[in-house]
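All residue numbers refer to positions in the sequence shown, counting from 1. Note that these values count all heavy atoms, side chains included, but never hydrogens, waters or copies made by symmetry. On a predicted model such as this, the values are computed, not experimentally measured, just so you know.
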Amino acid sequence: MDIHEEYVRKILSNNSADGTLKSRESNTVEFKEAFNKNSTAKYGKTMAAYSNNRGGYIIFGVKDKPRKIIGLKNDNFENMSQEQFSDAINSLFAPAMEWSCGTLTIDLPSSDPSGSHRTLKIGWIYTEEAEYKPIIAQKANDGEKINSGDIFYRYRARSEKIKFAEMSRIIEERTAKEREGLLKLFEVIRKSETANLGIVNYSNGKITTPYGVDVAFDRKLVTQVLKKAKFIKEGSFNETDGIPVIKVTGNIDLAEEVPVPEGNPDETHPYIQKQLAEMLAISTQDLYALIWYFKMKESKKYHLEITTSSTSKTHKFSDFALQFLREKIKEFDDKPEELEHIRQAYKNRNKAGGNS
């Protein structure tokens with residue numbers, strides 16, 4: 001049996017001889033005779049009060065005065081669109097509340113002398129205590145006397161605007177939770193034996209680094225790299241003193257590893273074009289065609305232009321350029337016509353007025 005259903009059954013099983021419920025409304029329980037879609041704001045107010053306290057139940061199918069189980073008279077609760085209900089309460093309050101709902105049937109003795117039983121259906125909504133308090137009204141609702149910025153709290157079976165003592169406790173608890181999180185982070189840093197750790201924020205796609213530079217990324221491509229660091233895959237080589245790195249571990253799938261665009265060019269871009277051609281076992285003319293066709297000189301990932309004098313420049317290429325070209329040449333083994341197309345496009349580039 002579901003833990004919430006079990007709890008609701010326990011509340012409803014505590015009856016006096018005349019069928020009146022002994023259980024009363026409380027900080028965690030509120031009774032409603034029926035579910036009405038037009039009362040969503042009222043339910044949301046109660047749910048926000050629960051979220052800011054310790055969580056609680058709204059139980060439908062129970063009359064409050066006198067407290068008797070009458071059961072749901074229609075299918076409004078069962079036919080409720082949970083998606084629409086969530087949208088409605090989360091448009092009224094933020095951050096989003098966590099809740100669940102369900103129905104159950106109970107058998108009660110009938111007033112008929114025959115000793116028969118009545119089967120009644122009950123609905124319930126359980127709202128969890130919020131992880132990040134407070135839950136705040138983000139727009140007004142005149143019917144429920146809700147103003148933007150209101151914070152509700154559950155007091156003695158009533159949902160009311162929060163008082164100073166409870167608000168102060170929420171702030172203290174949130175501060176303590178943040179402090180605990182920082183202590184755990186510091187412990188991770190201590191165990192890693194380095195203070196040069198960055199913070200990855202998946203919600204905004206940023207890596208905040210100890211060098212004061214924010215690196216933007218998405219799931220498969222690092223689009224901006226820390227100036228004085230390299231991304232390395234775990235186990236590819238050992239970290240050495242003086243070389244700051246970002247270690248990529250776990251299941252993160254990097255589409256490419258990014259070289260350091262500002263550093264010693266002889267280390268980041270070690271190859272001149274002649275060396276590339278020799279290592280790729282292709283003619284320099286084919287190399288020029290490939291570099292032009294794939295626009296490799298437009299990306300520092302592949303190419304740097306080094307000024308050696310007032311009239312002379314040298315073109316240097318990275319390991320990524322070498323790897324990229326090797327993969328392309330391997331593809332041309334199966335499709336030699338594509339390489340021939342690139343050669344012809346390179347020869348005709350001036351006639352065409354641009355890239356093919």
Side-chain angles (χ1 to χ4, degrees), residues 2-5 7-8 25-62 72 74-104 122-155 157-163 166-178 181 200-206 218-219:
D2 179 90
I3 185 172
H4 298 305
E5 179 179 334
Y7 185 80
V8 173
E25 291 188 328
S26 66
N27 285 356
T28 58
V29 175
E30 181 161 307
F31 298 129
K32 297 291 182 185
E33 288 188 33
F35 175 82
N36 188 337
K37 184 179 179 181
N38 295 328
S39 299
T40 299
K42 178 182 291 187
Y43 306 146
K45 180 178 177 179
T46 301
M47 293 167 71
Y50 283 151
S51 291
N52 286 325
N53 197 337
R54 302 302 178 196
Y57 296 83
I58 304 175
I59 301 176
F60 300 92
V62 179
L72 295 172
N74 53 48
D75 296 329
N76 288 350
F77 185 82
E78 289 183 295
N79 293 334
M80 171 187 67
S81 169
Q82 295 186 32
E83 183 178 357
Q84 291 179 4
F85 186 79
S86 284
D87 289 344
I89 61 174
N90 290 332
S91 68
L92 187 57
F93 291 95
M97 293 179 280
E98 297 294 329
W99 62 281
S100 56
C101 65
T103 60
L104 57 90
I122 300 295
W124 55 266
I125 293 176
Y126 174 72
T127 308
E128 296 183 15
E129 178 182 357
E131 182 177 0
Y132 296 104
K133 301 176 186 177
I135 304 296
I136 304 173
Q138 56 184 351
K139 67 179 183 181
N141 184 282
D142 294 336
E144 290 303 314
K145 298 180 180 179
I146 299 172
N147 297 312
S148 178
D150 282 349
I151 299 172
F152 294 97
Y153 196 84
R154 191 71 175 174
Y155 292 103
R158 295 179 63 87
S159 301
E160 301 176 353
K161 290 182 181 179
I162 197 166
K163 298 177 175 62
E166 287 70 37
M167 190 67 214
S168 179
R169 185 168 67 247
I170 285 177
I171 294 173
E172 289 175 359
E173 289 176 351
R174 184 162 182 165
T175 302
K177 185 178 292 186
E178 291 173 351
V200 178
N201 188 329
Y202 286 97
S203 64
N204 63 13
K206 294 285 185 180
D218 60 28
R219 291 182 66 87

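Aromatic ring pairs are classed by plane angle as parallel below 30°, tilted from 30° to 60° and perpendicular above 60°; the pair Tyr57 and Tyr7 is parallel. Between Phe77 and Phe35, the ring planes are perpendicular. Angles over 60° get that label, and only those under 30° would be called parallel.
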Practice problem: Tell me, with the steps shown, if Glu30 and Arg154 meet salt bridge (Lys or Arg N to Asp or Glu O under 4.0 Å). | Solution: CA-CA 10 Å; Glu30 181 161 307; Arg154 191 71 175 174; 2.7 Å; yes
Quiz prompt | Test log, rule side chain to side chain contact (heavy atoms under 4.5 Å, CB included), inputs Ile170 and Ile162 | solution = CA-CA 10 Å; Ile170 285 177; Ile162 197 166; 3.7 Å; yes
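Minimum interatomic distance between Ala157 and Asn27 (heavy atoms only, all atoms of both residues): N-OD1, 3.5 Å. Contact detail for Ile122 and Gly61: the closest heavy-atom pair is CD1-O, 3.7 Å. Tyr153 and Arg169 make their closest contact through OH-NH2, 2.6 Å (heavy atoms, listed as atom of the first residue, atom of the second, distance).
Between Arg158 and Glu25 there is no salt bridge, since no side-chain N of the basic residue sits under 4.0 Å from a carboxylate O of the acidic one. The pair Arg174-Glu172 fails the salt-bridge criterion, with no side-chain N (NZ, NE, NH1 or NH2) lying under 4.0 Å from an Asp/Glu carboxylate O. Taking a cutoff of 4.0 Å between a charged side-chain nitrogen and a carboxylate oxygen, Glu173 and Arg54 qualify as a salt bridge.
You'll find the side chain of Trp99 reaches within 4.5 Å of the side chain of Ser86, heavy atoms only. With contacts defined as side-chain heavy-atom distances shorter than 4.5 Å, the pair Phe152/Phe93 qualifies.
Here the OH-OG distance, from Tyr132 to Ser51, works out to 15.0 Å after rounding to the nearest 0.5 Å. Distance OG1/Thr103 to CG/Leu72: 8.5 Å, rounded to 0.5 Å. Note that the NE2 atom of His4 and the CD1 atom of Ile59 stand 12.0 Å from one another [nearest 0.5 Å]. If you take CE on Met97 and OG1 on Thr127, they are separated by 6.5 Å, rounding to the nearest 0.5 Å. Interatomic distance, Lys45 NZ to Lys161 NZ, rounded to the nearest 0.5 Å: 8.0 Å.
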For residues 135-143, which side-chain donor-acceptor pairs fall under 3.5 Å, sequence neighbours excluded?
{"unit_1": "Gln138", "atom_1": "NE2", "unit_2": "Asn90", "atom_2": "O", "d": "2.8"}
{"unit_1": "Gln138", "atom_1": "NE2", "unit_2": "Ser91", "atom_2": "O", "d": "3.1"}
{"unit_1": "Asn141", "atom_1": "OD1", "unit_2": "Gly143", "atom_2": "N", "d": "3.3"}
{"unit_1": "Asn141", "atom_1": "OD1", "unit_2": "Glu144", "atom_2": "N", "d": "3.0"}

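A side chain to side chain contact (heavy atoms under 4.5 Å, CB included) with Tyr43 is found for exactly one of Ile89, Ile125, Asn36, namely Asn36.
Side-chain N/O atoms of Ser100 and Trp124 include no donor and acceptor closer than 3.5 Å. No side-chain donor-acceptor contact under 3.5 Å links Glu128 and Tyr50.
Side-chain atoms of Asn53 never come within 3.5 Å of backbone atoms of Ala49 as a donor-acceptor pair (strictly under, hydrogens ignored). Judged purely by atom type and a 3.5 angstrom limit, Ser39 has no side-chain atom pairing as donor or acceptor with the backbone of Lys42.
Among residues at least two apart or in separate chains, salt bridge (charged side-chain N to carboxylate O under 4.0 Å, His left out) pairs with a member in residues 76-104 are Glu78-Lys121.
In Lys177, the NZ atom is crowded: over 12 heavy atoms of neighbouring residues, nucleotides or ligands sit closer than 6.0 Å.
Both tests pass for Lys163 against the ring of Tyr155: distance under 6.0 Å to the centre and angle within 45° of the axis.
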